[in-house]
Protein chains: 4
Amino acid sequence: MDAWRTGLVDARDGQIRLRGYDLTSLMTHGSFTDVIFLLHRGELPTPAERRLLDAILIGVADHGSGAPSCATARLALSGNRQSVSAAVAAGILAVGDDHGGAGSGCMEMIATGLARAKTESISLDEAARRIATEARAAGRRLAGFGHRVHTTDPRTGILFELARQGGVAGDGVAFVEAMERAIAAIVKPLPINIDGALAAVLHDMGFTPVFGRLVFIIGRTAGLTAEVAEELAREKPMRIRIPVEYDGVDPRTLE
Amino acid sequence: MDAWRTGLVDARDGQIRLRGYDLTSLMTHGSFTDVIFLLHRGELPTPAERRLLDAILIGVADHGSGAPSCATARLALSGNRQSVSAAVAAGILAVGDDHGGAGSGCMEMIATGLARAKTESISLDEAARRIATEARAAGRRLAGFGHRVHTTDPRTGILFELARQGGVAGDGVAFVEAMERAIAAIVKPLPINIDGALAAVLHDMGFTPVFGRLVFIIGRTAGLTAEVAEELAREKPMRIRIPVEYDGVDPRTLE
Amino acid sequence: MDAWRTGLVDARDGQIRLRGYDLTSLMTHGSFTDVIFLLHRGELPTPAERRLLDAILIGVADHGSGAPSCATARLALSGNRQSVSAAVAAGILAVGDDHGGAGSGCMEMIATGLARAKTESISLDEAARRIATEARAAGRRLAGFGHRVHTTDPRTGILFELARQGGVAGDGVAFVEAMERAIAAIVKPLPINIDGALAAVLHDMGFTPVFGRLVFIIGRTAGLTAEVAEELAREKPMRIRIPVEYDGVDPRTLE
Amino acid sequence: MDAWRTGLVDARDGQIRLRGYDLTSLMTHGSFTDVIFLLHRGELPTPAERRLLDAILIGVADHGSGAPSCATARLALSGNRQSVSAAVAAGILAVGDDHGGAGSGCMEMIATGLARAKTESISLDEAARRIATEARAAGRRLAGFGHRVHTTDPRTGILFELARQGGVAGDGVAFVEAMERAIAAIVKPLPINIDGALAAVLHDMGFTPVFGRLVFIIGRTAGLTAEVAEELAREKPMRIRIPVEYDGVDPRTLE
């Protein structure tokens, strides 16, 4: 088998370098968030980029034990307390389009919208109106907008303010705000939620859509590990029994 | 990297042979259960062995959507409907010592008990009494005994009857029955449950303890895939929200 | 939380019934393949259906340790020998569109093709020609056709013969054969492979496309568990070290 | 079903508080590492604790694509490129006693050693000598010592220096250093490696042994996500084919 090629880790001579930087130097001077940025982008972040990535990772770390990711991890542990790896992995497996996936979905919409504004020579507002109109006609939900509780999502305000202060806010933030206006006019008022906000900011920081999903996984691992540790410390094996009601066929016998 | 060595699948010349048998011959003449036996043991089963392995796989296939394995698969799917692999894998991750693990635990106890009867030159009943006495003193549960609902587990009767009819029942069944008597005398009456029964029968068929756990995973995959298919067909994304009550510290502010 | 509703398992009164049938009756009289069919379809299979499902499960059970699913399971075990659940689950996670996913992809194409023949009032051959022509124009591969080694796949012959003998072969088999002719005429001769064959047969047995992927997972679990057991028995922890070549940036220092 | 109780996340009124702190305040002022510490310990870290946890997370983030965790993630992706969750989860499943588990193993040994020094009224050096002597007699490896390449592990020096500078170093560091001396005297010189070093420091920061494994999972997720992103960007599906050599029984035929 040919050797795999990688530009991430250089481990020749027993010394480990991440993207060219010696691991022990990074341990002494860097933050974990620096290294997340470095591994994914190949360069260390500016202070503004670090601040934003920290805010995003914190913003998705844990929203409650009942969310699919955290609840899946606890349920797996309930039957299998010998492996915390298995429980954390099970939690990550609940991350998909419907849970933790709106960020990457919205990043794809931003890329599409900006490309369209350019190729069709229209304003961001017009591109947003066209996308909102088409989504409404197709009955398709737009990732990154709407919230079960809030009419404005406070985390969105935080991220956009940090992005503006740091000089990071660009086309991504502008387009998501144009989409919010277009959706309000064409569908109904739906606030930019945390997924829409982090999508805009990650776009403006130069990340590709797949990172929208990966950043959720990285941030959520902080919460998943804490949920797993709490379950181990406070609860007994097999304590979780989901109530079930059978509504299938009546008893019958094999001939 | 050196090639991996394996005695399972021979795929030279594009023809596939499992343990020496041509795959297309097995497809024409064998049952899936035959091939499970073949892959794990290197030989095809006798009719009695096939009947018993079928009964064991069926016996663990699915006991209800609320069990940790099935509920974990459904919860993972609730957030991530794009990947049925992820949901089935999450379900398998809930299989551990407390769920699906009693079979292998009991197989280890059988091996220990039989070895002890031999090395200490005592009867199976005496070996069983010593193990039950020690477990009671240590406050340790014995895997394979006791049932939440039944005073006798009907599945145990089925397996032991099939094992006797087929001439498979041997020391394993005898020792588990000795353990049942010893536990009744020393602790309290606890019936041999499905895990204890399948452990005894698998031991007498020549399987090693790890197969006690693997057979649960194989059989349960039938149920997990059906649970996943039903969840996809009947339910909406994010439909599962576990109720949570916070009992931690009061709100506080960052200085 | 409301109870979950299910039509699969009825566990009231401590007695377990799968789709209405008592578990102990199934253990006594049924095969594992019967129960896989029952759980997914709600009825027991006819002898011809059982024979075909056995053949399909056997056909995908294991094609070699180096395939992504089996190799992933072995690699996971190399670092984590304490949890066979984790290793089997890791193996299942390698099942996707590119590995084990062609069956469900082909089942979707069959459903599309048959619907198109009906709504466009054209023959199956004409529908097949249109689909092959469009795929060629789009540079899209057609799931279920082509083989790295064979010019005809012997497993396809087996499945189709069993399907014809059993009176199961119908529109699905006919359409896949029409596709084979159309592809040969329009693109180049590509044999119906195991994925295309099982897709056709599962379609004719009334299964939905998602089962095309689930049946691969069920069958492959037989192989994954055997690979895991062989790895545990024959190999040491951490024995697998993939050779890696770094081709990233040169060493640099933090300012 | 009763509500689950948790002290981690308070999500009443749609506002999210982690361990009492408002999520938006943490997003504005905290680092991701602060929140990892907070979720696991219930308090924010001191600057010295933050520095050490950053160093530990960075120290385990990625040691190369060929390690079981990273290679497992890449292999899973090779067959299943549709789900990055599945690939990252597969990578985490390779974390166990033999890969990423030495930290928690060493933390357990530290706890045992310190308890023993106290109850047997002996010095740390004497406790270390007894443990090293017993391990040698039993042929048991001691987690946290030895390195394939280095005679001293540079990451250990970094962590211990940071721990001393920050006033965090205590009994844990002292005991691991006593173990290093005892092992050198009784077995052979084996340096404290990164696992031993992080175990000592995490012990002195007040973490329990299970966190030794969880911190590896959190840190490694940075690397796993980067490996997955690089694999997606640079490589094709199914590009990985592990070479396999069959050494099982010869071809045979079904009677």
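Below, chains carry the letters A, B, ... as their sequence lines are ordered, and counting in each starts from 1. Everything numeric here is computed off the predicted structure, so don't read it as measured data.
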Checklist outcome for this item: The interface call for D/R241 against chain A, heavy-atom contacts under 4.5 Å, is backbone
Checklist entry - Is chain A contacted by the side chain of D/I240, its backbone, both, or neither, given a heavy-atom distance below 4.5 Å? => result side chain
Checklist entry - Which residue out of D/G219, D/A233, D/A3, D/G157 racks up the most heavy-atom pairs below 4.5 Å with chain A? => result D/G219
Checklist entry - Given a strict heavy-atom distance threshold of 4.5 Å, which part of A/I158 is in contact with chain D: side chain, backbone, both, or neither? => result side chain
Next on the checklist: Distance check, rounded to the nearest 0.5 Å: A/S65 atom OG versus D/L8 atom CG?
Outcome noted: 5.5 Å
Item to check | Max heavy-atom pair count under 4.5 Å with chain A, selected residue of D/I58, D/V215, D/D54 | outcome: D/I58
Checklist entry - Taking A/P243, A/G64, A/A11, A/S31 one by one, which has the highest count of heavy-atom pairs under 4.5 Å against chain D? => result A/S31
Item to check | Residue among D/L18, D/I217, D/I56, D/V88 with most heavy-atom pairs under 4.5 Å to chain A | outcome: D/I217
Checklist entry - Hey, what do you get for CE (A/M27) to CD (D/E161), rounding to the nearest 0.5 Å? => result 11.5 Å
Checklist entry - Roughly how far, to the nearest 0.5 Å, is the OG1 atom of D/T28 from the CD atom of A/Q165? => result 9.0 Å
Checklist outcome for this item: Against chain A, residues from residues 90-109 of chain D with at least one heavy atom under 4.5 Å, in numeric order, are D/I92, D/L93, D/V95
Checklist outcome for this item: Whatever's closer than 4.5 Å to a heavy atom in chain D on A/I194 counts as side chain
Item to check | Option that, when pairs with chain A are counted at under 4.5 Å, heavy atom only, ranks first among D/A61, D/G59, D/A229, D/C70 | outcome: D/G59
Next on the checklist: I'd like to verify something: which residue of A/T33, A/L232, A/I242, A/D62 has the highest number of heavy-atom pairs under 4.5 Å with chain D?
Outcome noted: A/D62
Checklist entry - In terms of heavy-atom proximity below 4.5 Å to chain D, should A/E227 be classed as side chain, backbone, both, or neither? => result both
Item to check | Side chain / backbone / both / neither for A/L224 at chain D, heavy atoms under 4.5 Å | outcome: neither
Checklist entry - What are the two closest non-hydrogen atoms of D/A222 and A/I36, and how far apart are they? => result CB-CG1, 3.8 Å
Checklist entry - Given that the side chain runs from C-beta out, which part of D/L53 has a heavy atom under 4.5 Å from chain A: side chain, backbone, both or neither? => result neither
Checklist entry - Between D/D10, D/L162, D/T208, D/T6, which has the largest tally of heavy atom pairs under 4.5 Å with chain A? => result D/T6
Item to check | Side chain, backbone, both or neither of D/I16 within contact of chain A (heavy atoms, under 4.5 Å) | outcome: side chain
Next on the checklist: With rounding to the nearest 0.5 angstrom, report the CZ to OG1 distance, D/R220 to A/T221.
Outcome noted: 13.5 Å
Checklist entry - Side chain, backbone, both or neither: which part of D/I218 has a non-hydrogen atom closer than 4.5 Å to chain A? => result both
Checklist entry - Top residue by heavy-atom pair count (under 4.5 Å) with chain A, among D/S83, D/G66, D/G7? => result D/G7
Item to check | Toward chain D, the part of A/R239 with a non-hydrogen atom under 4.5 Å | outcome: side chain
Checklist entry - What distance separates A/W4 CH2 from D/E230 CD, expressed to the nearest 0.5 Å? => result 11.0 Å
Checklist outcome for this item: d(D/T225 OG1, A/R213 CZ) to nearest 0.5 Å is 14.0 Å
